There are 2 protein chains.
Amino acid sequence: MTATPAPSPEDTSDDAFLRLDEQICFSLNAASRAFGGVYRVLLKDLGLTYPQYLVMLVLWEHGEQPVKKLGEHLRLDSGTLSPLLKRLETAGLVRRERSARDERSVHVHLTDEGAALRERARVVPRRIAAATGAGLEEIRELRARLDRLTAALDSAALEETPGCD
Amino acid sequence: MTATPAPSPEDTSDDAFLRLDEQICFSLNAASRAFGGVYRVLLKDLGLTYPQYLVMLVLWEHGEQPVKKLGEHLRLDSGTLSPLLKRLETAGLVRRERSARDERSVHVHLTDEGAALRERARVVPRRIAAATGAGLEEIRELRARLDRLTAALDSAALEETPGCD
DNA sequence: CGCAATTCAGTTGTGCACAACTCAATGGCT
DNA sequence: AGCCATTGAGTTGTGCACAACTGAATTGCG
């Protein structure tokens, strides 16, 4: 780990980039899965998976919503949301109804049961915060860094696509 | 987003935790997927997915390895690794051989083709680093924070399990 | 030695993420 | 009005993550 294979003598600073990048992809992956694990345990009681919980958070916060809007909030497409919402509907937490105004769009409502679940879910965020062992300030700081990173990655992805080479 | 629904007047500081937590799970999720997207594009040329790339990184760095060790490096279990390694083997990048010393364990080797792929993969990390728009120092800092977070979440997960309540 | 507990890889089943596609509804344009 | 590009949800297929399990090999203990 501390040894350097000295891949090519061309550019030492690039080499530093290489190793650090490897670590950040490892680190981000690991953090993401570690979070998932903690959520999984906490949400088991509620009968929700982590992505389902995210959907419920959006609905609790913003109320009825077309699938499209949900996808924008969560950066998920219909290929992910459609089956997920179907499972939430089967569980009795949401209802889906075709819009009368635009029959292409489907509005997702909370059922009474889905709305009631919010109370039981209230304990989750505090426990997560406790599990991180971090203070408000550190969480805020980390969030800001992650959001900046995401924005940078997104714009890089956009520029990369067409004939930019 | 800036409005506060004032859920319960009981505990203002807890409430702050609640909202911030929501954001950090959103943020981490988004960052993780944004990274995945950039890797996906870069790795397409190499015929690798992002998790397959992580496996190859470990093999390039540490050489032949039993499945168990690979799993420890990447925090993945056999349920994830077995089919992934099978695909890498089908692609001709690795070979799997039962250990003669311990027939329970399977050692994963790089083929010549798998080893050769390393050269083509060298450009990836630099491009990723460029896409993040972050300097060495910032990446290092972020990595440190994420690792601390992961460690905290892991130990919390361990303590949570049995009759701690 | 012989048997029980453990270890390791793999399988099965569920659910998420995403690309590529289908299909109906819509809206703009002539 | 008639046509066509666009939009929104859903489906299909691939691959990852994880829990729960199987089954074989190994280890430990009496």
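Remember, predicted model here, so these are calculated numbers, not experimental data. These values consider heavy atoms only, across backbone and side chains, with no hydrogens, waters or symmetry-generated copies. Here is the naming used below: chain letters follow the sequence lines, and residue numbers restart at 1 for every chain.
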Would you indicate which nucleotide in [options] comes nearest to any side-chain atom of [X]?
X         : options                   : answer
Ser78(B)  : dA9(D), dC18(D), dA9(C)   : dA9(C)
Arg104(B) : dA24(D), dA17(D), dG10(C) : dA24(D)
Arg40(A)  : dT11(C), dG10(C), dA19(D) : dA19(D)
Arg98(B)  : dA9(C), dA9(D), dA17(D)   : dA9(C)
Pro51(A)  : dC8(C), dA17(C), dG10(D)  : dA17(C)
Asp102(B) : dG10(C), dA25(D), dT11(D) : dA25(D)
Glu103(B) : dT26(D), dA25(C), dG10(D) : dT26(D)
Val67(B)  : dA9(C), dT26(C), dT6(C)   : dA9(C)

**Q.** Between CD on residue Glu97(A) and NE2 on residue His107(A), distance to nearest 0.5 Å
**A.**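 One gets 9.5 Å once the value is rounded to the nearest 0.5 Å.
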(Q) As an exercise, state the distance from CD of Glu64(A) to CG of Leu70(A), rounded to the nearest 0.5 Å. (A)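 With rounding to 0.5 Å, CD (Glu64(A)) is 10.5 Å from CG (Leu70(A)).
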Q: Would you classify Ser105(B) as touching base, sugar-phosphate or nothing, given that sugar-phosphate means primed atoms plus P, OP1 and OP2, and contacts are heavy atoms under 4.0 Å?
A: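 Sugar-phosphate, no base atom in range.
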Q: Mind checking Leu81(A) for me? I need base, sugar-phosphate or nothing, with any heavy atom below 4.0 Å counting as a touch.
A: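 Answer is nothing: Leu81(A) stays at 4.0 Å or more from every strand.
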Q: Heavy atoms only: give me the nearest Arg75(B)-Ala30(A) pair and the separation to one decimal.
A: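 That would be CD-CB, 3.8 Å.
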Nucleotide [N], atom [atom2] - distance to [atom1] of [X] in whole Å:
X         : N       : atom1 : atom2 : value
Arg75(B)  : dA19(D) : CZ    : P     : 13 Å
Asn29(B)  : dA17(C) : CG    : P     : 7 Å
Glu97(A)  : dG8(D)  : CD    : P     : 19 Å
Arg101(B) : dT7(C)  : CZ    : P     : 18 Å
Leu85(A)  : dG15(C) : CG    : C1'   : 14 Å
Tyr39(B)  : dA17(C) : OH    : P     : 20 Å
Lys68(A)  : dG8(D)  : NZ    : C1'   : 7 Å
Leu76(B)  : dA19(D) : CG    : C1'   : 14 Å

**Q.** Upstream residue (5' side of DNA chain D) when Asp77(B) and Thr80(A) are each assigned their closest nucleotide
**A.**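 The answer here is Thr80(A).
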**Q.** 5' priority, DNA chain D, between Gln52(B) and Pro66(A) [closest heavy atom]
**A.**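 Closest to the 5' end, via its nearest nucleotide, is Pro66(A).
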Q.
Is any side-chain heavy atom of Leu117(B) closer than 4.5 Å to one of Leu48(B)?
A.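 Yes, at least one pair of side-chain atoms sits under 4.5 Å.
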Q: Taking the side chain as every heavy atom from C-beta outward, state whether Ile128(A) and Cys25(B) have any atom pair closer than 4.5 Å.
A: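 Ile128(A) does not reach Cys25(B) side chain to side chain.
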Q: Return the 5'-most residue of the pair Arg96(B), Lys44(B) with respect to DNA chain C, ranking by each residue's nearest nucleotide.
A: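 The answer here is Arg96(B).
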Q | Along DNA chain C (nearest heavy atom to each residue), the more 5'-positioned of His107(B) and Leu84(A) | A |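 Here His107(B) is the residue nearer the 5' end.
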Q: Output yes when a side-chain donor or acceptor of Asp77(B) lies under 3.5 Å from a complementary backbone atom of Thr80(B), and no otherwise.
A: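 Side chain of Asp77(B) to backbone of Thr80(B): a pair is present.
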Q. When you check the phosphate oxygens OP1 and OP2 of dA9(D), does a side-chain N or O of Lys86(A) lie under 4.0 Å from one of them?
A.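 Answer is no, no contact under 4.0 Å.
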